[in-house]
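Just so it is clear: chains get the letters A, B, ... in the order the sequence lines come, proteins before strands, and each one is counted from 1. Just so it is clear, the model here is predicted, and its values are computed rather than measured.
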Number of protein chains: 2
Amino acid sequence: MKRSRVTLADVAAMARVDRAVVSRVINKDPTLNIRQETRERVLTAIDRLGYRPNVAARSLRTARAHMFGLFIPDFANPVYAEIIKGAESEAASQGYVLVTGSAIGAGLGEYMDRIGQGRIDGLLLAGAGDEAGLVEHLDRAAIPWIMLNNRSRSVERYVILDDERAAALAVEHLVRLGHRRIAHLAGPAGADTAGRRSAGYSAAMREARLPEGPIVAAGYTPAGGAAAMARLLDGPERPTAVFVANVASAIGAMEGARSAGLEIPRDVSIVAVHDLELASYLFPALTTVRMPLAELGRRGVTLLAGLKPDDKVAEVLAGPIELIQRRSTAPPPG
Amino acid sequence: MKRSRVTLADVAAMARVDRAVVSRVINKDPTLNIRQETRERVLTAIDRLGYRPNVAARSLRTARAHMFGLFIPDFANPVYAEIIKGAESEAASQGYVLVTGSAIGAGLGEYMDRIGQGRIDGLLLAGAGDEAGLVEHLDRAAIPWIMLNNRSRSVERYVILDDERAAALAVEHLVRLGHRRIAHLAGPAGADTAGRRSAGYSAAMREARLPEGPIVAAGYTPAGGAAAMARLLDGPERPTAVFVANVASAIGAMEGARSAGLEIPRDVSIVAVHDLELASYLFPALTTVRMPLAELGRRGVTLLAGLKPDDKVAEVLAGPIELIQRRSTAPPPG
DNA sequence: TGTGTACGCTCAAACGATTGATCATGTGAG
DNA sequence: CTCACATGATCAATCGTTTGAGCGTACACA
């Protein structure tokens, strides 16, 4: 491993041209008029020396880092994996590097301080809430940012999915199977996605002229789902189906139902929002509503690339939302 | 949102000192001798102007980016989430930013090109194989790097876990329950972890004076696990227990067993390497061997911070490895 | 009075790439 | 023969920080 500290000047010297020429060749500057032979000398020198541009110098001069950040609450939640994939591939095709970070033992504020100024050209925030001071922190950083999957209360700067429609699809599926007592295992009280899915649930129930079943809120985790399911099944009129706001809670919800001595789907049907590969391997395989999460990440990057600090973004991403029927839903008992 | 392009010079002007003083105050330069009053003027100015150091300029000057990279194959694999968490928190406490990326539609080579030179001070590679040209790419980048969980064939530059011991713990658990026909659902043929876990399986079987059951390799995915399990159960002498090399494949393996009409653990016991929150919510809850994955990430960062490009690292991380007994293992039938 | 030295700062040269301005040379038109 | 202009480059300022070296003042000591 040899300490390669090759600079533009080294390349220029080898190719017997000015540094400016090398720079323009690398950046394909259209104003550059150059002989084919000279260009080749430059290219050969770059190759022979193994030259790679120094990002710090370039960023300093151009005030652009060609890097976007993506901030998520937790890597363990597989739902974010999809978003990351979409965002990464779109960033790559636009010539940006996407870097993903999460807030472990540190809020966004501290994270932004460590990121510093000029390291990233824009920030995507997935799953962030309306934490106090969040917007202020972002604005202090003076870079464009967009929230994914969260309609921030304070500013118009978000891309979301059609969660209401996703919820409606799930509920309609249950109604079509013949269910009438459909409960709702909702997301955490503060979360915007949770609110929209609950709204979709209510709308669909109204549409079907059914009374809203019991509704219990829980975090988007298996543990939360299990606890909430226990409470749902505790009531006098046990629901025959449950619409779960998130696949992670649904995994816990299934366990909760089993602990209560129920068999899925014979005694209770379960359908959840967000599809994962995992869903087909659960027992029973979980019926889900697939959302275009990768597309959400992709769209976020695209918007970010063309965004100025004061621009507004308020978009509900159009994209395929479909019910993936598996084995966790069936007609009600009796 | 105001375009904050505050520089050292602005701060210096406001505090009526030289830029050098501001710089030294910020970096807590011990050689700086300064009056308390002056220091306070500087601090106030920084605060009033909302100054944040420009990372590009700093990196250019110091040739350090204070950023480490972590490269993983796939965000969807929850095993990496643990590694990321450990690495992120350690990086933060050392004053580094950790950025995680994966190779989506691009190999490490292209990724490194986009990362450029000088953006990161070191790279952690988790789950990378011995792909051709990998080491060359890394060496061209002229930064320290370490492989996690993979004993690279070509260079001594890795931290791994004691996979053999993990496998032995799993097998011993099965033996203790009374199993004698213990099959092995191994990892992908090329993977180093797979090899070590298989070695551990063989050693433990030998120790118990049991014949090695059928061994089938599969990728670390649910789909791979399901297919492999089908083949395992296809033989003449059906095993009464299966040691699965990875929790993701185990999820598929459980489904494979069910498809074959078997009940877990009544007909077949299953134990897998790597614990996840998810494991308790599967049906039946999966017995696993917990490995110190977060510690692996943490250790990687620590080593990276003190590594010079030519240093060697070859470490088997000592750390707690324990069997988490749940419901997927029981005495053999009969 | 001269000298040593500690204090509390300031000066200015880097770091490596980008880019508007400039320049030398050759060619064709008038 | 001169001017205009295209071609194919070069020059040099600039981005914002860091950091070794330097500088003025005050005070102590001989």
Review point. Does the distance from a Lys or Arg side-chain N to an Asp or Glu carboxylate O, for Glu110(A) and Arg114(A), drop under 4.0 Å?
Key: yes

**Study point:** Rounded interatomic separation in angstrom, taking CZ from Arg5(B) and C1' from dT14(D)
**Key:** 13 Å

Practice item. Tell me what Asp18(A) touches on the nucleic acid: a base, only sugar-phosphate, or nothing, going by heavy atoms under 4.0 Å. Key: base

Study note, to complete from the structure: Side-chain atoms of Leu60(A) come closest, of dC7(C), dA17(C), dG16(C), to dG16(C)

Exercise for review: Given ring pair (Phe, Tyr, Trp, His ring centres under 6.0 Å), test Tyr111(A) with Phe71(A) step by step and report yes or no.
Suggested key: CA-CA 10 Å; Tyr111(A) 187 79; Phe71(A) 195 73; 4.9 Å; yes

Practice item. For Glu37(A) and dG8(D), give me the distance from atom CD to atom P, rounded to whole Å. Key: 11 Å

Check your understanding: Within the structure shown, what part of the strands sits under 4.0 Å from Asn33(A) by heavy-atom distance: base, sugar-phosphate, or nothing?
Key -> base

Practice item. Would you mind telling me which of dG16(D), dC9(C), dG16(C) lies closest to the side-chain atoms of Asn54(A)? Key: dG16(C)

Review point. Do Leu161(B) and Val316(B) have side chains that get closer than 4.5 Å, going by heavy atoms?
Key: no

Check your understanding: Reckon Asn27(B) has a side-chain N or O less than 4.0 Å from the OP1 or OP2 of dT18(D)?
Key -> yes

Check your understanding: What does Val17(B) touch in the nucleic acid at a heavy-atom separation under 4.0 angstrom: a base, only the sugar-phosphate, or nothing?
Key -> sugar-phosphate

Exercise for review: Grab the CD-C1' distance between Gln36(A) and dG8(D) for me, whole Å please.
Suggested key: 14 Å

Check your understanding: So, the side chain of Arg119(B) versus the backbone of Ile115(B): is there a donor-acceptor pair under 3.5 Å, distance only?
Key -> yes

Exercise for review: For the pair Glu88(A) and Lys85(A), find out whether any cationic side-chain nitrogen is under 4.0 Å from an anionic carboxylate oxygen.
Suggested key: no

Check your understanding: Atom CZ of Arg19(A) to atom P of dA12(D): distance rounded to whole Å?
Key -> 11 Å

Check your understanding: Starting at CZ of Arg58(A) and ending at P of dC15(C), how long is that distance when rounded to a whole Å?
Key -> 19 Å

Check your understanding: How is Ser23(B) classified with respect to the nucleic acid when contacts are heavy atoms under 4.0 Å: base, sugar-phosphate, or nothing?
Key -> base

Review point. Taking only N and O in the side chain of Arg24(A), is any of them less than 4.0 Å away from OP1 or OP2 of dT19(C)?
Key: no

**Study point:** Touch class at under 4.0 angstrom, heavy-atom based, for Leu8(B) against every strand present
**Key:** base

Exercise for review: Record whether the side chain of Arg61(A) comes under 3.5 Å of the base of dT18(C) through a donor-acceptor pair of N or O atoms.
Suggested key: yes

**Study point:** Exercise: do Ser89(A) and Arg298(A) side chains pair donor with acceptor under 3.5 Å
**Key:** yes

Exercise for review: Could you check which of dT18(D), dC11(D), dT10(C) has an atom nearest any side-chain atom of Ala20(A)?
Suggested key: dC11(D)

Exercise for review: Would you mind reading off the distance between Asp10(B) atom CG and dC15(D) atom C1', rounded to a whole angstrom?
Suggested key: 13 Å

Check your understanding: Taking the side chain of Arg35(A) as heavy atoms from C-beta outward, which of dT18(D), dG8(D), dT10(C) is closest to it?
Key -> dG8(D)

Study note, to complete from the structure: Nearest-nucleotide check on DNA chain C, Arg41(B) vs Ala57(B); residue mapping nearer the 5' end is Arg41(B)

Practice item. Map Val22(B) and Ile34(A) onto DNA chain D by nearest heavy atom, then report which one ends up closer to the 5' terminus. Key: Ile34(A)

Point to revise | Thr38(B) vs dC9(C): side-chain N/O to OP1/OP2 distance below 4.0 Å | key: yes

